[in-house]
Structures are given as structure tokens and as C-alpha cells.
**Student:** 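Before I ask anything, let me first share the structure, which is written out below as C-alpha cells.
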Amino acid sequence: MEKKPFYITTPIYYPSGNPHIGHCYTTVACDSIARYRRMQGYDVMFLTGTDEHGLKIEQKAAEKGVTPKEYVDEIVKTFKKLWSYMNISYDRYIRTTDDYHVETVQKIFKALYDKGYIYKGEYKGKYCTPCESFWTESQLDENGCCPECHREVTEAKEEAYFFKMSPFADRIEKLLTETDYLQPKTRATELVNNFIKPGLEDLCVSRTTFKWGIPVTFDEGHVVYVWIDALSNYISALGYWNGEYNDFDKFWPADVHMVAKDIMRFHAIIWPAMLMALELPLPKHLAVHGWITFNGQKMSKSLGNVVDPFILGERYGADSIRYHILREMALGADSSFSNEIMINRINSDLANGLGNLVSRTVTMADKYFGGTLPEERETGEFDDELIAEASALRGKVDEFMDKTQLNNALAEIFKVVSRANKYIDETAPWILGKDESKKARLAAVLYNLLDTIRIVSSLLSCFMPATMPKVWEQIGAGNDDVTYENAGKFGVLPANVTVHRGEIIFPRIDVDKEIEELNKIIGNKAEPEAEKDDGFEPVPVADEITIDDFAKVDLRVALVKECEKVKKSKKLLCLQLDDGMGGRQVVSGIAQWYKPEDLIGKKVIIVANLKPVKLCGVESNGMICAADTPDGAASVVFPDQSLPCGAKLR
Ligand code: MSP
């Protein structure tokens, strides 16, 4: 029988700095799904790659004195090395500098132009260089900055091509609200209200101010906007309008595009519009996950808060890292990373949970039966419950994998691990082992444990592909025993199975010692790494002022006493402050990065003599000082808590 195709993609990454653990999440999640589908018998195409054009890359290469291609070639090597280290089983790796991709993008651009969806006009507006995005006045945030990264935008005016989006607005709205394209669906309202309801504006899709992009074939000097270039990868990689591959008919439409929330808009609005204009079927699902954060901020190399996946992998094994990030991230929410949580999770779930289950079972089979179980067995209390849970596990995991809820799939698997450990305590095999007349009962207990481990490890092999074969070796399972089909059945191992004691699969980690060592490594590395790979481009220093000018700005320390979200605004928080001078109310555009409870009780710095303004109808008397982060977030500057309210900064 012909296998059913299954096509899954990660975003293609910007090689503007080395990959970090934040990049690993999507790739590891897609890899686990791809492996699961392969195990289920699908013909899988798993695509990843790199998005190599754009002004940012051109500028970085110039800083280093190399060509953009030389610059990206180096970083792409590190990406590929990391994927191999993390056992990522991609079937195809696309680079947007590959000739066949360039050919497809040029043809797509021309086809959209010929169909009248792309037209030439003049671009007047705002451009955000770090995001490589154009914005209209009405889309800017309340400070007149980029609505995505909140950094300054520049005026731009030039001849450019535009993509007409409005003809697709109704279909896109229906796609987002009436189908299950977008997962989790809660995000649809946000997109519809912010981008579709106000009227889908035409998108500027060419640039003339830099060269590092795909040239528009019919108008010299124009290069294709990076997002049109990047999104096309999902079909060029299948051979759409190029001769490199021939898989488009088989794999399109994609089953799953997985992305993080910051690039949802491109995949939920622009990509469907492009496909509609090309009269192509739409992908089946767009799975949107949150960020791996560190102290509440998106983790990135430039923040200096990055934990190098190679360092973690070397210390704890790639599988433990894969397990931890998958287990922590719930689809739709952010997941906060900490070395301590990671180590504790490895210890509790992998070392004490699964590792202990395997080693106790195998050791007892070895000790009481010389490694080979006798065929004579006697059933007893507690067996049915364990067998029922182990037999039902595959069905539960299937359900969560279908919904891309990998953390829940793992939680189900580890419930059975706990159940099996409890079964050991309930049946007390060490007591059975002392009594010759209980040998048949002991054999049944150990068999039930071994077969439960077989089911659990078969399903886990998609998430932890390097370690599970070691478990199979120890429990005496052959390749045919650990198939998807057999993961749904109990009693597959031969009655006289032979175990092989081996190394400890997940050694226990000494938490305090490790944290200390990791801190040393991160401390040693943070500075130069941040210097080297920092994507941060500080805005130019403002015009010179005198000390008297500076004295006009009255900066004070204040305590946040109360804080709540401003109704009708997603960005604003309203803070009641003790400023040492009777108190005041300040409204600040930081709701995306801080919850009220993050701020209450903290001291902040305010501009105390700013003329009052109303923001969303709420009066603001001053401004909270925050710094740009390289990722475009705002990071509130917290002074020493011991400073008195009202203290003046000088
Ligand atoms: N090049 C575009 C994608 C084009 S797809 C047609 C891009 N690249 S990126 O390298 O900046 O980011 C790639 C993906 O990694 C995005 O989904 C991004 O959100 C994700 N992540 C980057 N840092 C992350 C975390 N700290 N946590 C989780 N995902 C993160 O955007």
C-alpha cells in the first residue's frame, strides 16, 4: 500500500548569529512530530533551512569585511552542526541563496505581477530595519515606533512594488476564524482585529536601497522583499517552478507549518494571500508556540542570557535537552528557561523516573533469573491496572500529537512511568524473590514491567531518539517489538525474554555543583559572545546637549504601589506610584513584557516633569524609564530597592 504523505516545516532561520536554545524548540518539536509520523507509517518530508537575504545580513557581512554569502556560509555550518548534534532528522535543508529557490521566487514575483496582484507604486512610509518591515503611520505603536519590536523606524520614500492584499481579506478572515488552520485558535481574534478589520493594506514587496536579495527579473535595481522570498521556501523546496525537485504534487499542501508567535502574522495573513493569488491550496495547519524566555524576556544570543545548546548537550546529553524543552513548552504559552528547573526535571523524570524504572527492573531480572525470565507466570493484584494504562497509552499520545501538544503527550507517557514505579512498590519483587514458591509471580511482575518499558520507550523514541535504543538493548526488545503497531499492544516481548544490564541511562545530576559550574561557564562566555554575535544596533546618539539641558529632565526614583492593565489597550499598563511627593499615576507601554505582578513592589525610575498626556483616555503624569533590548523588547530599569522614593538622579 502506498504511504500517505506528511509534510512538516520549521521556519527558515536567519543566520545573523549562531543558533541558541530558543531556535532549538521549533526544530526539536518538528523533529519529534516527523519521527512520530514516520513511525505511524507516513511518507514524511521534514523541511528546515536558512533565510539568508536582507539588509541585516548585508550590514553584518560588511562589518566583518566579507561578502554576505561568505558570512552566511559560516553560520549555516554551525546550524547544521547543531541539528546533527540534536539528532534532527530533516529530509531537506533549504538555503534561500540556492539557485533553484531564487528561480522559484523570481517566477512567483513575475506571475503575481502578470496577474495584476503586484503593481508598481511609490512607497512613502516607515521602515524598521531590524524587522525588515514596512509600516504605515496607523500601524505604529503609541510611541510612533515599530509595532513588532518597538524600536525607532525611519522615513522611507522610493519607487517600489506592492502586493494587493485586500482581495483576499474575506477568505483570510474565514480561514482564521472558521477553520482550524491556526492553532491555538485564541490567537485568531488578535490577528483579525489588528490587521484585517482595519482593512488589509497593500504590502510593499520590493526594495531598491540594498542589493542582498533576489533581483526582480523585469526591473533592474529592485530586490524582492525578504518575507516574499522566505515564505516561498515552503514550495520551492518541493520543486515548485524549478527543476531541482519533483515533490510538489505529492506533499503540497503542507500538513504543519510550525512557528513562534512573533512571525505568526506572516504565516497567517501574507502567506495565505500569496497562495490564494497563485491559486494554490492552503497549508492545513499553522501551529504557533510561545517563546523560551529567560527572566521574562525572549531568549536570544544578544541578551547575553543564552545557554549554549552545545554546552548543555555535552553535559547532560542531547536527549535530556530535547526532553526538557518539549516538556516545558505548552502550545500557545511562553516557557521560562532556567538551568535549575532543567536539572531538576532531568533528575526527577529521567534519572529517578524512567532511568530508575529500567535499572531496577533489569537488575532484578538479572539477579533473580540470571537475565532470562521463566515462561511460567502467575497473575496477581495490580496487574490489570498497569496493563490497562500501558495498553491505552498509544491512543492518548496519538491524540496529543494530532493537536501538536507535545508537552501533554510526554506527560501521558510519564504518568505510565510513575504507574510502573508504583507497581514495583506495590508488588515488592524483592520480597517475592526470597521465596522459591513465588517465582512464577515474580516472573509475571518483571514481565509486566519490561513490557510496559517497551511501550513507553517505543513512544519516547520520537522525542529522545539517541537513548531509547539503549533501553531496548537492556530490556531485550528487538526492532520488531518497538514498532508503532506494537506500541498499542501489551504482551509483545517473548515470555522468556533475556535482559542485558548496561550503563545507567540518565545519571543523576548534583544540582548545586552543576549550577555553580554552569554559572561559571555562562559568566565566562557571556561578555565576549554578546560582543561577537550581538544583533543589537544601538540607535544613533542624539544631538549634543549642555548640562543645563540635561538638568531640565527631572528623573526620580519611585515605588510601584498598584498596577493594572489599561482596558481597551494591549500595550498599556497603568501604575500608581509613590514618588515621595504625594504619589502619581503613570501609563506605560510595557504590557507586552510585564505583568502587573512583576512590577508591584519594585522601584523604578521616572521622568517626573514630563507634561501630562492622556493615553487611551487615561492620564499619565510622567514616564517609566526602560532600555531597548536587542530583541526589540523594553526592559524596565530597576534601581537599587534601598533608594528612597523621590530621590533625584543626577
Ligand atoms: N527568517 C525568519 C523566518 C522565515 S520563515 C518563512 C525568522 N528567523 S529567526 O531566526 O529570527 O527565527 C526563527 C524562529 O525561531 C521564529 O519562529 C522565532 O520566533 C523562533 N525563535 C527565536 N528565538 C526564540 C525563543 N527564544 N523561543 C522560541 N522560539 C524562538 O524569523
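Ligands are counted one by one from 1 in listed order, and the atoms in each one are counted from 1 as well. Numbers here are sequence positions counted from 1.
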**Student:** For the residue pair Y90 and D31, confirm or rule out a side-chain donor-acceptor distance under 3.5 Å.
**Tutor:** no

**Student:** Ring centroids only, cut at 6.0 angstrom: are H285 and Y181 within range, meaning strictly under it?
**Tutor:**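 For H285 and Y181, the ring centres are not under 6.0 Å apart.
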
**Student:** Using the ring centroid of each side chain, check whether Y119 and Y161 are separated by less than 6.0 Å.
**Tutor:**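 Between Y119 and Y161, the centre distance exceeds or equals 6.0 Å.
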
**Student:** With the threshold set at under 4.0 angstrom, would you say G290 reaches ligand 1 through any of its heavy atoms?
**Tutor:**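 It does, in that a heavy atom of G290 comes within the 4.0 Å cut-off of ligand 1.
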
**Student:** Would you indicate which of I263, T293, I12, T50 comes nearest to atom 2 (C) of ligand 1 when only heavy atoms are counted?
**Tutor:**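 It is I12 whose heavy atom sits nearest to atom 2 (C) of ligand 1.
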
**Student:** Are any of the N or O atoms of Y14 closer than 3.5 Å to those of ligand 1?
**Tutor:**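 Yes, Y14 has an N/O under 3.5 Å of an N/O on ligand 1.
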
**Student:** Can you confirm, on distance only, whether ligand 1 has an N/O atom lying under 3.5 Å from any N/O atom belonging to A260?
**Tutor:**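 It does: an N or O of A260 is found under 3.5 Å from an N or O of ligand 1.
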
**Student:** Could you tell me, atom by atom, which parts of ligand 1 come under 4.0 Å of a heavy atom of Y234?
**Tutor:** 5 (S), 6 (C)

**Student:** Quick one: does W227 get a heavy atom under 4.0 Å from ligand 1?
**Tutor:**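 Within the 4.0 Å threshold, so yes.
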
**Student:** Is there a donor-acceptor contact under 3.5 Å linking the side chains of Q592 and H150?
**Tutor:**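 Checked: Q592/H150 side chains pair up, N/O donor to acceptor below 3.5 Å.
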
**Student:** Of the side chain and backbone of I292, name the one, both, or neither that has a heavy atom under 4.0 Å from an atom of ligand 1.
**Tutor:**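 It is both backbone and side chain that touch ligand 1.
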
**Student:** Do the two ring centres, one from F46 and one from Y93, sit under 6.0 Å apart?
**Tutor:** no

**Student:** Is there at least one pair of N or O atoms, one from D262 and one from ligand 1, spaced under 3.5 Å apart?
**Tutor:** yes

**Student:** Is it the side chain, the backbone, both or neither of F266 that has a heavy atom closer than 4.0 Å to ligand 1?
**Tutor:** neither

**Student:** Could you list the residues that satisfy side chain to side chain donor-acceptor pair (under 3.5 Å) with K403, not counting sequence neighbours?
**Tutor:**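 Not a single residue meets the side chain to side chain donor-acceptor pair (under 3.5 Å) criterion with K403.
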
**Student:** For ligand 1, is any non-hydrogen atom under 4.0 Å from Y25's backbone (N, CA, C, O), its side chain (CB onward), both, or neither?
**Tutor:** neither

**Student:** Does at least one non-hydrogen atom of K261 fall below 4.0 angstrom from an atom of ligand 1?
**Tutor:**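 Not so, K261 does not reach ligand 1.
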
**Student:** Heavy-atom pairs closer than 4.0 Å: do any link ligand 1 to the side chain of H20, the backbone, both, or neither?
**Tutor:** side chain

**Student:** Would you say the side chains of R38 and S89 form a donor-acceptor pair under 3.5 Å?
**Tutor:**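 A pair is found: one side chain offers a donor N or O, the other an acceptor, under 3.5 Å apart.
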
**Student:** Please list, in number order, the atoms of ligand 1 under 4.0 Å from a heavy atom of A230.
**Tutor:**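 So the answer, numbered in order with elements, is 6 (C).
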
**Student:** Aromatic rings Y13 and F79: how do their planes relate, parallel, tilted or perpendicular, breaks at 30° and 60°?
**Tutor:** parallel

